[in-house]
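Below is one structure, written out as structure tokens, with a few remarks after it.
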Amino acid sequence: MNNRDVAVLGVGYTNFNSVTPEVNWKELMFEAAQKAYQDAGIDPRTDVDSFITCAEDFWEGFSIFDEFTPDQLGAALRPMHTVSGDGLQGLANAYMQIKTGLFDIVVVEAHSKISELLTYEDVVQLSFDPIYEAPLSKGVHPYYVGGLEMREYLEATGTTEEQCAAVVVQNKRNAFCNPLAEFEAQLEVDDVMNSRYAFDPLKALEIAPRADGAIVFVIAGGEIARSLTDRPVYVEGIGWCSESPWIGSRSSDAAYVKRAAQMAYRQAGIENPQLIDIVEVDDQFAFKALQHLEALGLARPGEAGYLMAEGAFGPQGQRAVNPSGGSLGCGHLMEASGLARALEGVLQLRGEAGPRQVEDALVGVAQSWRGLPHGTGAVAIFSRRE
Amino acid sequence: MTFSEKFQKTTDVKHWLGDMEVDHFLYTAGIAGEAFFVALRDKGVILGTRCELCGITYVPPRIYCEHCFAELNEYTDVGLRGRVRSFTIARLGKDGNELKKPEIFAVIDFGSGTTGLLHKLGEVTPETVKVGLDVEAVLKPKSQRGGHITDIEYFRPVG
Ligand SMILES: [Zn+2]
């Protein structure tokens with residue numbers, strides 16, 4: 001493989017809010033893009049070789065969405081494509097374009113304007129198999145599949161409901177230290193345990209609320225990043241994969257993350273994931289954070305819940321997990337959720353995470369899951385190389 | 001930004017209400033689906049396809065093995081009895097409000113080595129349902145079956 005290294009040259013982002021009526025989705029993208037180019041010290045009209053957005057038509061409310069993306073990114077009449085997947089999958093595309101030497105500077109964008117989708121549940125329902133699965137649950141909230149998957153995970157690992165509740169407590173507490181986040185709360189495990197079941201054993205408080213926001217990453221060849229910034233954060237590895245779409249065939253151990261992590265760790269030369277300092281996992285449902293931590297090799301099967309409840313993944317613990325507050329604290333940003341996890345990794349490794357800064361962080365991992373009812377995940381490894 | 005105030009609702013500003021008109025589409029059952037739904041409708045049986053190499057029976061049937069990519073054409077009647085691998089009690093409707101009566105969904109295995117079938121449970125309460133419960137399919141009367149997944153009304157505890 002080509003030895004060229006790949007680095008994050010700049011990041012830009014909006015706040016994450018439950019509604020954003022002041023701006024339309026293009027203006028949301030524009031705000032994040034402006035900030036990213038300023039952060040990177042580049043002009044998109046002359047310096048960027050290729051642009052990538054990550055979006056799914058149905059979230060956007062119209063079809064062939066990718067045709068509407070160039071102007072607000074400074075990408076008119078330039079190479080541009082859309083990845084119908086999570087932001088980390090877009091980052092993987094940028095990584096490859098730079099690694100191959102085809103391009104020097106590539107921009108990746110993902111956003112959510114999900115507050116405008118007035119029939120979110122119907123669109124999720126439309127992503128179920130239309131012949132075998134969708135006809136069974138007409139009128140029922142499609143997140144019931146989260147309850148099915150949670151029960152199977154608890155059965156397989158012996159994890160308790162209280163341990164899952166501890167994820168909500170920690171992530172919503174972490175969000176107090178993240179000015180971008182909107183869903184911070186001071187809760188105890190009992191508060192979550194006493195809250196109502198939505199899809200037993202999954203409680204309503206364990207489901208990440210949705211939010212709007214946009215994130216832009218400027219990615220560059222290592223030699224270019226080193227010449228333009230004194231704080232490059234390197235993308236050391238990135239992996240992704242999809243498991244069977246059949247709900248009845250799904251693994252209980254997030255195999256989509258296990259495989260993606262193997263791929264990313266191999267590229268990054270990581271033999272022992274316990275050496276990772278900053279961990280941002282997908283937590284669209286509280287139990288998913290525990291399942292994903294185990295799939296990443298950061299806890300043995302059935303141990304993540306115990307460690308979470310003991311505070312081992314908290315700000316004072318052995319390893320910071322979701323210091324950003326995760327999706328439970330920041331809101332679920334649809335296809336931008338993976339970039340939100342990666343953003344926290346970059347800010348931490350640059351030493352720009354403010355009151356939630358983790359001392360001496362050298363290596364970070366960001367992990368995404370594309371959400372119900374499917375099994376696609378991605379894992380990216382970042383480091384500041386010192 | 002041109003607005004000096006913070007809006008709380010998307011409807012507080014100029015907006016347009018649109019429709020995504022996607023409710024008419026024709027989904028073909030395919031080779032395995034045709035076999036599955038015709039057998040369910042006409043004979044009242046549940047079919048799967050078997051991959052001998054991997055030792056997996058796919059329920060509902062598929063013509064390919066997701067593990068070894070073999071083409072599968074060995075259809076097998078897996079019976080109407082299965083076991084609950086996982087279940088959930090769905091309490092919320094699509095509108096986010098409590099359902100009048102919760103619905104119980106389950107993933108059901110038909111012996112070891114089968115993939116799970118997603119379906120509903122009936123004649124069971126949130127208090128009595130559990131993982132490992134032996135269940136059987138309750139089919140609609142033959143005259144009312146049309147070759148749909150809902151020809152199986154639900155699965156109920158055996159005995
Ligand atoms: Zn096979």
Side-chain angles (χ1 to χ4, degrees), chain A residues 17-24 27 31 57-58 61-63 115-119 121-126 128-155 196-202 204 243-244 246-250 252, chain B residues 1-3 5-13 15 17-18 20 22-23 25 27-30 33 36-37 56 58-60 62 66 85-99 102-109 114-120 126 131-132 148-150 152 154:
Chain A
N17 292 114
S18 49
V19 292
T20 50
E22 296 85 358
V23 288
N24 69 24
E27 294 162 346
E31 181 188 340
D57 284 359
F58 274 84
F62 52 101
S63 58
S115 65
E116 294 187 346
L117 176 55
L118 305 182
T119 53
E121 291 77 12
D122 290 284
V123 171
V124 177
Q125 168 85 15
L126 261 177
F128 282 59
D129 182 285
I131 299 172
Y132 296 95
E133 294 168 352
L136 297 170
S137 55
K138 285 202 184 338
V140 177
H141 197 295
Y143 277 9
Y144 79 85
V145 176
L148 276 176
E149 295 198 356
M150 178 174 174
R151 169 110 42 208
E152 200 170 348
Y153 169 71
L154 298 188
E155 287 281 330
R196 67 176 181 156
Y197 280 112
F199 317 99
D200 315 24
L202 184 65
E243 68 176 287
S244 169
W246 291 83
I247 290 167
S249 296
R250 197 70 46 76
S252 62
Chain B
M1 295 242 182
T2 51
F3 293 110
E5 55 184 308
K6 173 91 182 141
F7 295 95
Q8 297 304 319
K9 290 211 309 274
T10 46
T11 47
D12 286 345
V13 289
H15 65 277
L17 196 62
M20 288 197 281
V22 291
D23 53 349
F25 198 92
Y27 300 101
T28 304
F36 177 76
F37 287 115
I56 296 172
Y58 290 94
V59 186
R62 315 173 198 170
E66 74 177 53
R85 184 206 298 181
S86 187
F87 71 92
T88 187
I89 300 150
R91 297 178 186 273
L92 303 185
K94 249 186 345 195
D95 55 7
N97 294 325
E98 296 256 344
L99 292 167
E103 290 195 37
I104 305 180
F105 292 89
V107 174
I108 294 150
D109 289 331
T114 70
T115 62
L117 177 72
L118 175 71
H119 219 285
K120 292 200 275 193
V131 170
H148 306 295
I149 194 67
T150 49
I152 305 170
Y154 52 81

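Only heavy atoms go into these numbers, but all of them, side chains included; no hydrogens, no water, no symmetry mates. Proteins come first, then strands; the chains are lettered A, B, ... in the order of their sequence lines, and each starts at number 1.
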Under 4.5 Å from any heavy atom of chain A - which part of B/Ile104: neither

With a 4.5 angstrom heavy-atom cut-off, which part of B/Phe36 approaches chain A: side chain, backbone, both or neither? side chain

Is it the case that A/Ser252 and B/Arg85 place a side-chain donor and acceptor less than 3.5 Å from each other? no

Between A/Glu152, A/Met150, A/Glu243, who has the most heavy-atom pairs with chain B when the cutoff is under 4.5 Å? A/Glu152

Checking heavy atoms, do the side chain of A/Leu118, its backbone, both or neither come under 4.5 Å from chain B? side chain

Any side-chain heavy-atom pair of A/Pro130 and B/Phe25 under 4.5 Å: no

Apply side chain to side chain contact (heavy atoms under 4.5 Å, CB included) to residues B/Glu103 and A/Tyr144 and explain how you reach the verdict. CA-CA 10 Å; B/Glu103 290 195 37; A/Tyr144 79 85; over 6 Å; no

Partners passing ring-ring contact (aromatic ring centres under 6.0 Å, His included) against B/Tyr58 (at least two apart in sequence or in another chain): none

Heavy atoms, side chains only, cut-off 4.5 Å: are A/Glu22 and B/Val13 in contact? no

Assess whether side chain to side chain contact (heavy atoms under 4.5 Å, CB included) is satisfied between A/Val145 and B/Phe105, documenting all intermediate values. CA-CA 8 Å; A/Val145 176; B/Phe105 292 89; over 6 Å; no

Honestly, the part of A/Phe58 sitting under 4.5 Å from a heavy atom of chain B is both

Considering only heavy atoms, which portion of A/Ser63 lies under 4.5 Å from any heavy atom of chain B: side chain, backbone, both, or neither? neither

Any A/Phe62 side-chain heavy atom under 4.5 Å of B/Met20 side chain: no

Given heavy-atom pairs under 4.5 angstrom as the criterion, report whether the side chain, backbone, both or neither of A/Leu126 touches chain B. side chain

Can you tell me how the ring of A/Tyr132 sits relative to the ring of B/Phe37, calling it parallel under 30°, perpendicular over 60° and tilted otherwise? parallel

May I ask you to decide if A/Leu148's main-chain N or O and B/Ser86's side chain share a donor-acceptor pair within less than 3.5 Å? yes

Would you please test B/Glu98 and A/Arg196 for salt bridge (charged side-chain N to carboxylate O under 4.0 Å, His left out) and show each step? CA-CA 11 Å; B/Glu98 296 256 344; A/Arg196 67 176 181 156; 3.4 Å; yes

Answer with side chain, backbone, both or neither: which region of B/His15 has an atom nearer than 4.5 Å to a non-hydrogen atom of chain A? neither

Would you say that A/Leu136 contacts B/Ile149 through its side chain, given a criterion of any heavy-atom pair below 4.5 Å between the two side chains? yes

If you round to the nearest 0.5 Å, how far is CZ of B/Arg62 from OG of A/Ser244? 4.5 Å

Where does A/Val123 contact chain B at under 4.5 Å (heavy atoms): side chain, backbone, both or neither? side chain

Between side-chain atoms of residues 87-95 of chain B and protein atoms elsewhere (two or more places apart, or another chain), which donor-acceptor pairs fall under 3.5 Å?
from: B/Thr88; atom 1: OG1; to: A/Phe199; atom 2: O; distance (Å): 3.2
from: B/Thr88; atom 1: OG1; to: A/Asp200; atom 2: O; distance (Å): 2.7
from: B/Arg91; atom 1: NE; to: A/Asp200; atom 2: OD1; distance (Å): 2.7
from: B/Arg91; atom 1: NE; to: A/Asp200; atom 2: OD2; distance (Å): 3.3
from: B/Arg91; atom 1: NH2; to: A/Asp200; atom 2: OD2; distance (Å): 2.7
from: B/Lys94; atom 1: NZ; to: A/Asp122; atom 2: OD1; distance (Å): 2.9
from: B/Asp95; atom 1: OD1; to: B/Asn97; atom 2: N; distance (Å): 2.9
from: B/Asp95; atom 1: OD2; to: B/Asn97; atom 2: ND2; distance (Å): 3.3

